[in-house]
Amino acid sequence: MSAVRQPPAPQPHSPVSTWGAVSLVAGREISTRIRSKAFVWTTVALLVGVVLGGFLLSVVGDQGPAAQKVGVTSGAEALGPQLEAAGGAVGTEIQVSEVSETDGREQVADGTLDALVTGTPASFTVVVKEELGTTLAPVFTGLAQQAALSGAITALGGDPSAVAQEIASAAPTVEALEPAEERDPAQVVTGMVGGILIFIALMTCGQLVAQGVVEEKTSRVVELLLATIRPWQLMAGKVLGIGAIGLIQLVVVVGGGVGTAFALGLVDASSVNLGATAAWVLVWFVIGFVMYSLALAALAALVSRQEDVGSVITPVLMLMMIPYIIGISIGPWDPENPLVVWLSYVPFCSPLLMPIRIALGTVETWEILLAVGLSLALVPVLVWLAGKIYSNAVLRTGGRIKLRDALRAS
């Protein structure tokens, strides 16, 4: 009886190098996502928002507060210089012009003038269309009080002009124990915009990593991929690919914002170092993305349905929200606040707080390098921990896997 011939055993595939496996996965992520409409439209929307925001700041900065137009008749012409000086004292620009009473009343009625002053400096009347606004009310109140004081001084035989000069030059002596540091508006805006952009980029790209992990588990594609490459290589390639996409998007948006700011002269009179700030935003995005995406990829491997992703990644997203809220609400106005300063050195918090402090110019180079070093020192630990969880959980389908079970599995 002739022996039954067995089919030849399948020959093992030629091994793929570590970098080759990671680069293949990363290339697949980049080629797939960079052509997606969601990526293109999100990038365009962010870029348009930043550019339009720059134009809006330019327009608002050029316009400044509206000047108050006041007409004076010939009898009250001497009040013109006093009106301008009184307006300047309260931070209001007042433009004074001499008009006849008839023309002045017509211009007040049609809105050309905000107010008309008639009578004499000692006894004047203010003509308005409806009411004296809050901007001009303190100015004319002060003039009326000054006129009353001058009349009383004259009645007593004094020199009103000499008394007025003494009053104008009088000022209290103020000693501040902790004088408030003036903030450059451009630095504040740059810090806020940088903090918001890096938060959006980290949040968006981190969720893409988590959703991609679960998507591959659901479609069973991961089983085919892991027949050729190791689990940690698949995770590393996914993180690298999505991180590259996020970095490209952020470079486009930040570059558009920096170009708009320089083109419109928004930082010409500012002390903000826009180029260095933009560069550090990109650096901190890379550092923050590596940390957050490793944590999110590992946690996402614990579930097999997209509906369950939110429940496992919520703790990490909340961890991201805390420094973001502190950075945006406190950082731009008080970058030396102890809470902001100390949290800016803590890994996971540094990427969202340090760029704001850098934009405001309140951090030394050694502080930045210290924060970078502390964050990078944590990355190898995260790689080992995330790789262990991902390897033990990514092939297990069904219900949600407990974290301790994923850590215990061999």
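Computation of the quantities below employed the complete heavy-atom set of this structure, encompassing side-chain atoms and omitting hydrogens, waters and symmetry-equivalent molecules.
- A donor-acceptor contact shorter than 3.5 Å is absent between the side chain of D114 and the backbone of V70.
- Of all heavy-atom pairs between A244 and I30, the closest is CB-CD1, 3.8 Å.
- A distance of 11.0 Å separates CG of L353 from CD1 of I322, quoted to the nearest 0.5 Å.
- Between the CG atom in D103 and the OG1 atom in T73 there is a gap of 12.0 Å [rounded to 0.5 Å].
- The side-chain hydrogen bond (donor to acceptor under 3.5 Å, both in side chains) test applied to D334 returns N337, not counting sequence neighbours.
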Show the numbers, then the answer: is there a side chain to side chain contact (heavy atoms under 4.5 Å, CB included) between I248 and V251? CA-CA 5 Å; I248 291 172; V251 166; 5.8 Å; no
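- Taken to the nearest 0.5 Å, the CG atom of L240 stands 10.5 Å off from the CD1 atom of I245.
- The closest side-chain heavy-atom distance from V239 to S293 is below 4.5 Å.
- E98 places a side-chain heavy atom less than 4.5 Å from the side chain of S74.
- Here the shortest heavy-atom pairing between R305 and V214 reads C-CG1, 3.5 Å.
- Considering only heavy atoms from C-beta on, V372 comes within 4.5 Å of W280 through its side chain.
- When all heavy atoms of A210 and V309 are compared, the pair lying nearest together is CB-CG1, 4.1 Å.
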With side chain to side chain contact (heavy atoms under 4.5 Å, CB included) as the test, would you mind laying out the steps for L202 and Y324 before giving the verdict? CA-CA 11 Å; L202 288 176; Y324 168 69; over 6 Å; no
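- Contact record, V209 with A297: CG1-CB, 3.7 Å, taken as the closest heavy-atom pair.
- A heavy-atom distance below 4.5 Å is found between the side chains of V127 and R105.
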Stepwise, does the side chain to side chain contact (heavy atoms under 4.5 Å, CB included) test hold for I358 with W284? CA-CA 11 Å; I358 293 172; W284 278 112; 3.9 Å; yes
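- A distance of 4.5 Å separates CD1 in I196 from CD1 in I328, rounded to the nearest 0.5 Å.
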In sequence, state the C-alpha distance, the side-chain angles, and the governing distance for L274 and T190, and then conclude on side chain to side chain contact (heavy atoms under 4.5 Å, CB included). CA-CA 8 Å; L274 196 57; T190 302; 3.8 Å; yes
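- Under the 4.5 Å side-chain criterion, counting only non-hydrogen atoms from C-beta, I356 is in contact with P332.
- In this structure, the side chains of L317 and Q207 come closer than 4.5 Å at one or more pairs of heavy atoms.
- Not one N or O on the side chain of Q211 forms a donor-acceptor pair closer than 3.5 Å with the backbone of Q306.
- Taking the side chain as every heavy atom from C-beta outward, L197 and V281 never approach each other to under 4.5 Å.
- For S344, the side-chain hydrogen bond (donor to acceptor under 3.5 Å, both in side chains) partners are R357, not counting sequence neighbours.
- Applying the 6.0 Å contact sphere to CD of E307 captures more than 12 heavy atoms from other residues, nucleotides or ligands.
- Tested against V99, the residues V108, V117, T112, L116 include a single side chain to side chain contact (heavy atoms under 4.5 Å, CB included) partner, L116.
- One finds the CG atom of L374 at 9.5 Å from the OH atom of Y345 (value rounded to the nearest 0.5 Å).
- Smallest separation of non-hydrogen atoms from M320 and L352: O-CD1, 3.3 Å.
- Classification of the Y292-F348 ring pair by plane angle, with boundaries at 30° and 60°, yields perpendicular.
- Distance CG/L294 to CG/L299: 11.0 Å, rounded to 0.5 Å.
- Minimum interatomic distance between D308 and S311 (heavy atoms only, all atoms of both residues): O-OG, 2.7 Å.
- In this structure, I242 and K238 have side chains that are in contact, with non-hydrogen atoms separated by less than 4.5 Å.
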